[in-house]
There are 2 protein chains.
Amino acid sequence: MENTYKLGKKMKNKDVFVEKLRSSGLRPTKQRIQISELLFDRKNTFHFSIDHLNNLLKKKTKIKVSLATIYNTVHAFKKKGYLKEILINREKSYFDTNTSDHHHFLNVKTNELIDLKNEDVEKIKIKKNLPGKKIKSIEVIVKVENSN
Amino acid sequence: MENTYKLGKKMKNKDVFVEKLRSSGLRPTKQRIQISELLFDRKNTFHFSIDHLNNLLKKKTKIKVSLATIYNTVHAFKKKGYLKEILINREKSYFDTNTSDHHHFLNVKTNELIDLKNEDVEKIKIKKNLPGKKIKSIEVIVKVENSN
DNA sequence: AATATAATTTATAATGATTCTAAAGTAGTG
DNA sequence: CACTACTTTAGAATCATTATAAATTATATT
């Protein structure tokens, strides 16, 4: 999420998100702006579940955002390519603000996810190919646990 | 699932499963035997959901097996190491009769799974390691779609 | 072979994440 | 300001899965 400039002055984060939303054909409502700030105004990748985001909204913000809106917004962002869904268990959906191709460590005890940079994984070579099919993506999950 | 011999005579499949169940501390009920035959009496790996197994039982067998028993049995088999769960989407659980370490192709349109033999994937090398953690498993899903 | 026991099956209810619905609220346009 | 389309919202509906508790069955015991 790099910052942009307008009339020579640094834009406020809020304005960045308003523009981003508008340019995506999404009206910049206060709910969407608030969620954008929580999700994208960070240095590092953020992994979260709906539940997690709901708690963050309750804790860190004044405005009330209904669960339905959280679902709507997260799905809208996913559709626009601002979020990626990650499958780690069947109970809950998890999302990732890093939408580039990359893999994950998964702590099986805590369900905590950690990004693996592309240079951290040697290129994966699939030697078999299925006739009439093409590879769309390759996803690796490295499950880890305490080594004590 | 290799066959074994008893008193010089080839055992019936049913007997094989009765023994397998008993040796696992599971009573060989007709439901469990029936499910074992459907799942394990095959040449190839079998990938299925509970729903799929339920339909098979209705179609191919005389006895009635309740949904609850199907869930119980599949979980018992998983616990005993006879089945492996695979995460391909959040709507349903999928299981695999191939419990060895291996990866999968996933047809994103049909949710069909195809095993990748170990020799079909070049060994995956993770160059980063997390302090205090050890790798438990590495799972690769290669998503494919029609190449037309 | 009948009985006692503990395990298993079953129908049904409960759970919980997600989706749907339709009414009330809000942003953008003129 | 007024209009229209888009959004938000509370609450209901859905659907896979799990829990419950009563009936059934496998196995050990007599």
Side-chain angles (χ1 to χ4, degrees), chain A residues 14-15 17-38 47-58 61-80 82-83 85-95 111, chain B residues 14-15 17-38 47-58 61-80 82-83 85-95 111:
Chain A
K14 188 184 154 170
D15 299 328
F17 294 125
V18 168
E19 294 229 332
K20 184 178 174 178
L21 286 165
R22 240 193 280 267
S23 73
S24 310
L26 296 170
R27 288 187 177 171
T29 63
K30 63 179 189 300
Q31 291 88 342
R32 284 171 176 165
I33 294 164
Q34 184 61 80
I35 290 173
S36 294
E37 286 174 350
L38 282 177
H47 301 107
F48 66 98
S49 64
I50 296 289
D51 184 52
H52 186 179
L53 179 54
N54 190 22
N55 289 332
L56 268 187
L57 283 162
K58 279 192 213 150
T61 72
K62 304 263 163 67
I63 67 169
K64 191 199 177 306
V65 183
S66 74
L67 241 196
T69 296
I70 301 175
Y71 275 100
N72 289 341
T73 302
V74 167
H75 285 142
F77 286 2
K78 182 186 166 190
K79 202 169 177 182
K80 294 295 177 185
Y82 303 141
L83 291 173
E85 192 164 0
I86 316 167
L87 288 170
I88 59 172
N89 70 44
R90 49 181 164 23
E91 287 107 43
K92 271 181 187 175
S93 289
Y94 285 79
F95 299 89
N111 273 347
Chain B
K14 189 183 154 171
D15 299 328
F17 294 125
V18 167
E19 294 227 333
K20 183 178 175 177
L21 286 165
R22 240 193 280 267
S23 74
S24 310
L26 298 170
R27 289 186 178 173
T29 63
K30 63 178 189 298
Q31 291 88 343
R32 285 172 175 164
I33 294 164
Q34 183 61 79
I35 290 174
S36 294
E37 285 174 350
L38 281 177
H47 301 108
F48 65 97
S49 65
I50 296 289
D51 184 52
H52 186 178
L53 179 54
N54 189 21
N55 289 333
L56 269 186
L57 282 161
K58 279 192 213 150
T61 71
K62 303 266 162 65
I63 66 168
K64 192 198 175 308
V65 183
S66 75
L67 241 197
T69 296
I70 300 175
Y71 275 100
N72 288 341
T73 302
V74 167
H75 285 142
F77 285 2
K78 182 187 165 190
K79 203 169 175 181
K80 294 295 176 185
Y82 304 142
L83 290 173
E85 191 163 2
I86 315 167
L87 288 170
I88 59 172
N89 70 43
R90 49 183 162 23
E91 287 108 44
K92 271 182 188 177
S93 289
Y94 285 78
F95 298 88
N111 273 348

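Excluded from the calculations below are hydrogen atoms, water molecules and symmetry mates; all remaining heavy atoms, backbone and side chain alike, are included. By convention in this document, chain letters (A, B, ...) are assigned in the order of the sequence lines, proteins followed by strands, and residues within each chain are numbered from 1.
Taking atom CD of residue Glu85(B) and atom P of nucleotide dA16(D), one finds them 15 Å apart after rounding to whole Å. Arg22(B) places its CZ atom 19 Å from the P atom of dA6(C), with the value rounded to the nearest Å. The distance between atom CD1 of Ile33(B) and atom C1' of dA26(D), rounded to the nearest whole Å, is 11 Å. Between the CG atom of Asn54(A) and the P atom of dA10(D) there is a distance of 11 Å, rounded to whole Å. Computed from coordinates, the Lys79(A) NZ to dT19(C) C1' distance equals 14 Å when rounded to whole Å. Distance CG (Leu67(A)) to P (dT8(D)): 14 Å, rounded to an integer number of Å. With rounding to whole Å, Lys30(B) atom NZ is found 14 Å from dA7(C) atom C1'. The CZ-P distance, from Arg90(B) to dT14(D), rounds to 19 Å in whole Å.
Of the side-chain N and O atoms in Gln31(B), one or more sit less than 4.0 angstrom from OP1 or OP2 of dT10(C). Residue Thr69(B) has no polar side-chain atom (N or O) positioned under 4.0 Å from OP1 or OP2 of dT8(C). Contact check, Tyr71(A) against dT18(C): a side-chain N or O comes under 4.0 Å of OP1 or OP2. Note on His75(A): every side-chain N or O is 4.0 Å or more away from OP1 and OP2 of dT18(C).
Heavy-atom distances to DNA chain D give each of Ile70(A) and Glu91(B) a nearest nucleotide, and the one nearer the 5′ end belongs to Ile70(A). Each of Arg32(B) and Asp51(A) lies near DNA chain C, and the nucleotide nearest Arg32(B) is the one positioned closer to the 5' end. Each of Thr73(A) and Lys92(B) lies near DNA chain D, and the nucleotide nearest Thr73(A) is the one positioned closer to the 5' end.
The side chain of Pro28(A) lies closest to dG28(C) when the candidates are dT7(D), dT8(C), dG28(C). Listed nucleotides dT9(D), dT9(C), dA17(C) differ in distance to Asn72(B); the shortest reach to its side chain belongs to dT9(C). Side-chain atoms of Arg27(A) lie closest to dA5(D) of the nucleotides dA11(C), dA5(D), dT8(D).
Using a 4.0 Å heavy-atom criterion, one finds that Lys64(A) contacts the sugar-phosphate atoms exclusively. If you check every strand for non-hydrogen atoms under 4.0 Å, Thr29(B) touches sugar and phosphate atoms only.
With a 4.5 Å cut-off on side-chain heavy atoms, Arg32(A) and Arg27(A) count as touching. Using a 4.5 Å heavy-atom threshold, the side chains of Thr73(A) and Val65(A) count as separate. For the pair Leu56(A) and Phe48(A), the minimum side-chain heavy-atom distance is 4.5 Å or more.
One distance of note links NZ of Lys30(A) with NZ of Lys64(A); it measures 11.0 Å at 0.5 Å rounding.
A distance-only check finds a donor-acceptor pair linking the side chain of Lys80(B) to the backbone of Ser24(B) [under 3.5 Å].
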